[in-house]
Asks: 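The structure follows.
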2 protein chains.
Amino acid sequence: MANHGDNPITEAEDRFVTAWGQMGSAWGISRTMAEVHALLYITGDALCTDDIMARLEISRGNASMSLRALVDWGIVFRTHKRGDRKEYFVAEQDIWTMARAIVRERLKREVEPLLASLHEIRDLSSKSGAETEAIEAHNERIENLVAIFELIELLVQRFVSPSGEGLEAAAMLLNQSHTRDERDEREGRG
Amino acid sequence: MANHGDNPITEAEDRFVTAWGQMGSAWGISRTMAEVHALLYITGDALCTDDIMARLEISRGNASMSLRALVDWGIVFRTHKRGDRKEYFVAEQDIWTMARAIVRERLKREVEPLLASLHEIRDLSSKSGAETEAIEAHNERIENLVAIFELIELLVQRFVSPSGEGLEAAAMLLNQSHTRDERDEREGRG
DNA sequence: CACGGTTTTCAGTATTTTCTGAAAACAACC
DNA sequence: GGTTGTTTTCAGAAAATACTGAAAACCGTG
């Protein structure tokens with residue numbers, strides 16, 4: 001990032017961009033893509049490619065590709081300004097909508113392919129015919145994996161469904177059960 | 001992986017190792033580390049470094065580092081065999097225990113540092129003094145992020161707590177609420 | 001405390017991923 | 001349909017990451 005102005009807000013923005021970029025890369029997302037998203041989110045402004053290039057000191061190509069990826073993820077949108085040919089970009093500002101989009105997209109890109117593989121592997125394994133104890137155990141491990149990932153898929157589909165809400169509801173629900181269980185504990189239910 | 005034997009089980013194992021390795025790298029974990037884990041999990045055996053080196057065709061150094069990381073994550077354990085000086089490694093076989101360990105570790109490594117940054121950023125931002133509308137909006141965005149990540153932290157701590165169970169319980173809970181809501185929907189509650 | 005078996009470390013190398021920049025494609029306007 | 005401002009693409013360059021292999025450290029034993 002360029003060392004533009006140094007009022008607290010600008011510094012806060014830069015720091016957030018950095019922190020979000022780091023988190024992104026720990027989660028298998030390109031640092032720059034996460035930083036572009038961070039910048040759009042934290043400023044809340046509609047920025048054009050040149051704004052982003054300047055502020056993050058990245059090339060046009062990189063900015064373009066990152067933006068396209070963010071638009072594909074559904075957490076950044078294209079806009080236009082009257083009398084200006086350029087495209088501008090704004091980040092989804094509702095944090096729950098954003099969270100839903102991210103979780104949904106990761107499900108689609110990573111969990112679903114894994115599940116597909118697991119299903120294939122299951123078929124393959126079950127063709128083994130012989131039923132030694134070792135094979136039984138192997139099959140059970142595969143089953144367990146299928147079960148947990150199907151559960152994850154189900155939960156995500158339910159709570160991150162396109163229809164909306166749900167994640168917040170889940171949070172409430174879990175949170176409630178949290179406090180309820182704590183009370184139970186205090187009252188001596190094991 | 002070496003093209004050892006080609007009975008369906010061995011092939012299934014190899015395929016699982018590959019699939020798990022891919023998923024791992026999509027989630028910011030080194031491919032090899034995920035593959036080593038996959039191998040230990042899917043065979044269920046206690047394997048020594050040389051077994052792993054041979055099966056995955058990796059160097060001793062790589063095997064050693066991957067294993068140490070897996071042990072740090074708490075999803076692989078060291079063991080020994082009578083009359084054998086070598087160390088052997090076994091994967092946690094309970095899939096829920098494994099899931100808890102993974103989630104807990106990621107919380108610690110990625111969410112907590114992010115939260116620490118967000119707190120700092122919040123302090124920084126609030127020092128701004130001036131209270132223009134833009135600054136208000138900025139502060140609110142930071143607040144929202146802090147709120148959502150603190151919620152995540154809370155939920156994870158609750159359901160992935162060292163004490164155990166909990167994740168399954170959460171799954172049940174969510175699953176129930178899922179089926180309940182579906183029924184509600186069928187009955188025409190919007 | 002020297003030896004053989006084993007594990008860890010880490011400098012250097014290889015691989016993968018990301019980024020750049022210039023050229024091509026596009027699109028609004030005249 | 002040519003001009004101009006803008007975006008996309010992508011081959012090659014740079015950076016980041018992961019891996020190797022050999023040396024060092026470790027460790028139980030005689």
Side-chain angles (χ1 to χ4, degrees), chain A residues 1-2 17-18 20-40 46-73 76-90 109-110, chain B residues 1-2 17-18 20-40 46-73 76-90 109-110:
Chain A
M1 261 152 292
V17 167
T18 301
W20 198 244
Q22 275 173 7
M23 156 132 276
S25 63
W27 285 83
I29 282 160
S30 119
R31 178 186 265 62
T32 303
M33 178 177 156
E35 287 187 351
V36 172
H37 176 243
L39 180 62
L40 288 168
L47 303 179
C48 69
T49 307
D50 295 271
D51 296 334
I52 292 165
M53 288 167 61
R55 181 91 185 252
L56 302 180
E57 297 179 295
I58 59 175
S59 72
R60 186 171 301 284
N62 195 5
S64 173
M65 292 192 297
S66 298
L67 285 165
R68 119 104 70 173
L70 289 165
V71 170
D72 287 350
W73 275 66
V76 164
F77 311 102
R78 299 174 193 271
T79 22
H80 293 275
K81 291 192 177 175
R82 301 210 157 287
D84 189 342
R85 274 197 186 180
K86 286 201 291 291
E87 266 186 320
Y88 286 75
F89 297 86
V90 253
R109 291 165 195 234
E110 287 123 25
Chain B
M1 264 153 288
V17 167
T18 301
W20 199 245
Q22 274 173 8
M23 158 132 275
S25 63
W27 285 81
I29 282 160
S30 122
R31 178 183 265 64
T32 302
M33 179 177 156
E35 288 187 351
V36 171
H37 176 243
L39 181 62
L40 288 168
L47 303 179
C48 68
T49 307
D50 295 271
D51 296 334
I52 291 165
M53 288 168 61
R55 182 91 186 252
L56 302 180
E57 298 180 295
I58 60 176
S59 72
R60 185 171 301 284
N62 197 4
S64 173
M65 290 192 297
S66 298
L67 286 165
R68 118 103 72 170
L70 289 166
V71 170
D72 287 349
W73 275 65
V76 164
F77 311 103
R78 300 174 193 270
T79 25
H80 293 275
K81 291 192 177 176
R82 299 211 161 287
D84 190 340
R85 272 198 185 177
K86 285 201 291 293
E87 267 185 319
Y88 286 76
F89 297 86
V90 256
R109 292 167 194 233
E110 287 122 27

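In this text, all values refer to a predicted model and were calculated from it rather than measured experimentally. Throughout, a chain's letter reflects where its sequence line sits, starting with A, and its residues are numbered from 1.
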Asks: So, is A:Thr32 near the phosphate of C:dC19, with a side-chain N or O under 4.0 Å from OP1 or OP2?
Replies: yes
Asks: With B:Arg60, which residues qualify under salt bridge (Lys or Arg N to Asp or Glu O under 4.0 Å), at least two apart?
Replies: B:Asp50
Asks: For A:Gln22, give me all partners under side-chain hydrogen bond (donor to acceptor under 3.5 Å, both in side chains), at least two apart in sequence or on another chain.
Replies: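 Partners of A:Gln22 under the side-chain hydrogen bond (donor to acceptor under 3.5 Å, both in side chains) test: none.
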Asks: Over how many whole Å does the gap from A:Met53 atom CE to D:dT8 atom C1' extend?
Replies: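 Taking atom C1' of D:dT8 as the reference, CE of A:Met53 is at 13 Å.
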Asks: Round to the nearest Å and state the distance from B:Asn62 atom CG to C:dC10 atom P.
Replies: 16 Å
Asks: For A:Ser25, what residues pass the side-chain contact (heavy atoms from CB on, under 4.5 Å) criterion, not counting sequence neighbours?
Replies: A:Arg31
Asks: Please compare A:Gly61 and A:Lys86 by the position of their nearest nucleotide in DNA chain D and report the one closer to 5'.
Replies: A:Lys86
Asks: Listed by chain and number, what are the side-chain hydrogen bond (donor to acceptor under 3.5 Å, both in side chains) partners of A:Arg78, not counting sequence neighbours?
Replies: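 In terms of side-chain hydrogen bond (donor to acceptor under 3.5 Å, both in side chains), with neighbours along the sequence ignored, A:Arg78 is linked to A:Glu87.
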Asks: Name all residues meeting the salt bridge (Lys or Arg N to Asp or Glu O under 4.0 Å) criterion together with A:Arg109; count only those two or more places apart in sequence or in a different chain, and write none if there are none.
Replies: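 A:Arg109 satisfies salt bridge (Lys or Arg N to Asp or Glu O under 4.0 Å) with A:Glu105 only.
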Asks: Apply side-chain hydrogen bond (donor to acceptor under 3.5 Å, both in side chains) to B:Asp72 and list each qualifying residue two or more places apart in sequence or on a separate chain.
Replies: none
Asks: Which residues satisfy the side-chain contact (heavy atoms from CB on, under 4.5 Å) test with B:Met33, sequence neighbours excluded?
Replies: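 So B:Met33 forms a side-chain contact (heavy atoms from CB on, under 4.5 Å) with B:Ile29, B:Ser30, B:Ser66, B:Ala69, B:Leu70, B:Trp73.
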Asks: From CZ of B:Arg82 over to C1' of D:dG28, roughly how many Å is that when rounded to an integer?
Replies: 16 Å
Asks: In whole Å, I'd like the distance from the CZ atom of B:Arg78 to the C1' atom of C:dT7.
Replies: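 Distance check: B:Arg78 CZ to C:dT7 C1' gives 9 Å.
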Asks: Taking only residues two or more places apart in sequence, or in another chain, which ones meet B:Arg68 in a salt bridge (Lys or Arg N to Asp or Glu O under 4.0 Å)?
Replies: none
Asks: How long is the line joining CG of B:Asp84 and P of D:dT29, in whole Å?
Replies: 12 Å
Asks: Check the distance between D:dC19's P and B:Leu56's CG and give it to me in whole angstrom.
Replies: 11 Å
Asks: Distances under 3.5 Å between protein N/O atoms and the N/O atoms of nucleotides 11-13 of chain D, please, pair by pair.
Replies:
none

Asks: Report, one pair per line, the protein and nucleotides 24-30 of chain C atoms (nitrogen or oxygen only) whose separation is under 3.5 Å.
Replies:
from: C:dA28; atom 1: N3; to: A:Arg85; atom 2: NH2; distance (Å): 3.0

Asks: Strictly below 4.0 Å, heavy-atom distances to any atom of DNA chain D: list the hits from residues 23-31 of chain A, or just say none.
Replies: none
Asks: What is the distance from CZ of A:Arg60 to P of C:dT20, rounded to the nearest Å?
Replies: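 In whole Å, C:dT20 P lies 12 Å from A:Arg60 CZ.
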Asks: With A:Glu110, which residues qualify under side-chain hydrogen bond (donor to acceptor under 3.5 Å, both in side chains), at least two apart?
Replies: A:Arg106, B:Trp27
Asks: For the pair made of CZ in B:Phe89 and C1' in C:dT8, what is the distance, rounded to whole Å?
Replies: 11 Å
